[in-house]
Amino acid sequence: MTETGGTSGSGSPMEKVADIASDIGEYIRQQRNTAKISLRQLSKLAGVSNPYLSQIERGVRKPSAEILQQIAKGLRISAEALYVQAGILDLPTGGPVGDAIRADAELTERQKQVLLDVYESFRRENAAARPAATPATDSTPAAKPEESA
């Protein structure tokens, strides 16, 4: 008999958790290498033991949200980015602009969040204004002012 909700192969919940742990570990390793920080330096900056951080990077351990936040601070990247990689948060909206803001190492986490909030508020405002606009802007007779005189 087969289990309900499970499939053979890579569909089991335990394998999905292992994949997430491996993915977040690889992402942290990439970020650490990009920042040119050693494992030992990151463990000190993040306040996480060196062996534990090594296990996270190798996908042996799946870190909690609190540990991810400490690692993000040590890497000087957005904790949100790590939460998304770990499957704690859904992929954020905003496309390339939001990604660029989150990736900017020159900005603090607070500055990034303020920029993202402002950007998203503009997007929501524009989206709310769209239904009030005429749906067919290309073919409306009112679009030609010389004909209305």
Side-chain angles (χ1 to χ4, degrees), residues 5-7 9-145:
T7 59
S10 64
S12 79
M14 289 305 292
E15 288 175 352
K16 289 179 183 177
V17 168
D19 288 346
I20 289 170
S22 175
D23 291 346
I24 187 63
E26 180 59 31
Y27 182 77
I28 290 169
R29 178 180 289 124
Q30 288 171 355
Q31 294 299 312
R32 183 175 57 76
N33 290 335
T34 299
K36 296 180 178 19
I37 299 174
S38 72
L39 187 70
R40 181 164 289 156
Q41 288 171 316
L42 179 56
S43 72
K44 191 174 284 188
L45 289 168
V48 177
S49 76
N50 196 26
Y52 184 60
L53 185 57
S54 175
Q55 291 173 345
I56 291 170
E57 284 194 359
R58 290 182 285 127
V60 176
R61 301 268 186 161
K62 184 175 184 285
S64 67
E66 292 82 15
I67 296 294
L68 287 174
Q69 185 172 24
Q70 290 173 238
I71 293 170
K73 283 182 183 177
L75 289 170
R76 298 187 64 182
I77 63 171
S78 166
E80 184 181 41
L82 288 182
Y83 294 158
V84 169
Q85 286 293 322
I88 296 171
L89 285 179
D90 291 333
L91 189 62
T93 59
V97 173
D99 293 343
I101 292 170
R102 287 182 201 91
D104 192 329
E106 297 295 317
L107 299 174
T108 66
E109 290 303 312
R110 186 174 188 286
Q111 291 168 333
K112 289 176 186 180
Q113 192 57 54
V114 168
L115 282 172
L116 288 167
D117 289 346
V118 169
Y119 179 66
E120 285 303 317
S121 72
F122 286 149
R123 289 174 52 94
R124 281 192 303 271
E125 184 179 307
N126 290 344
R130 265 188 228 116
T134 310
T137 56
D138 294 329
S139 61
T140 55
K144 297 181 181 178

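Residues take their numbers from the sequence shown, with the count starting at 1. Basis for what follows: all heavy atoms, side chains included, without hydrogens, waters or symmetry-related copies.
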Residues, nucleotides or ligands: over 12 heavy atoms within 6.0 Å of Arg29 CZ: yes
For Glu66, side chain to side chain donor-acceptor pair (under 3.5 Å) partners two or more places apart: Ser64
Side-chain donor or acceptor of Gln70 paired with backbone N/O of Ala46 under 3.5 Å: yes
Value rounded to 0.5 Å, distance of CG in Asn33 from CG in Leu39: 9.5 Å
Non-hydrogen side-chain atoms of Gln31 and Ile71 separated by less than 4.5 Å: no
From CD1 (Ile56) to NZ (Lys62), nearest 0.5 Å: 11.0 Å
Verdict with supporting geometry, Glu80 and Glu109, side chain to side chain contact (heavy atoms under 4.5 Å, CB included): CA-CA 10 Å; Glu80 184 181 41; Glu109 290 303 312; over 6 Å; no
Inter- and intrachain pairs under side chain to side chain donor-acceptor pair (under 3.5 Å), touching residues 35-45, at least two apart: Ser38-Gln41
Residues in side chain to side chain donor-acceptor pair (under 3.5 Å) contact with Asn126, at least two apart in sequence or another chain: none
Verdict with supporting geometry, Arg32 and Glu57, salt bridge (Lys or Arg N to Asp or Glu O under 4.0 Å): CA-CA 10 Å; Arg32 183 175 57 76; Glu57 284 194 359; 2.6 Å; yes
NZ on Lys112 to CG on Asp104, rounded to 0.5 Å: 6.5 Å
Whether Tyr27 side chain and Leu82 backbone form a donor-acceptor pair below 3.5 Å: no
Shortest non-hydrogen separation from Ile67 to Pro63 and the atoms involved: CG2-CB, 3.8 Å
Main-chain N/O of Asn50 paired with Ser54 side-chain donor or acceptor, under 3.5 Å: no
Pairwise distance CD(Gln113) to CD1(Ile101) - rounded to 0.5 angstrom: 10.0 Å
Check: Leu42 and Val48 side chains under 4.5 Å, non-hydrogen atoms: no
Inter-residue atom distance Arg123.CZ - Leu116.CG, 0.5 Å rounding: 11.0 Å
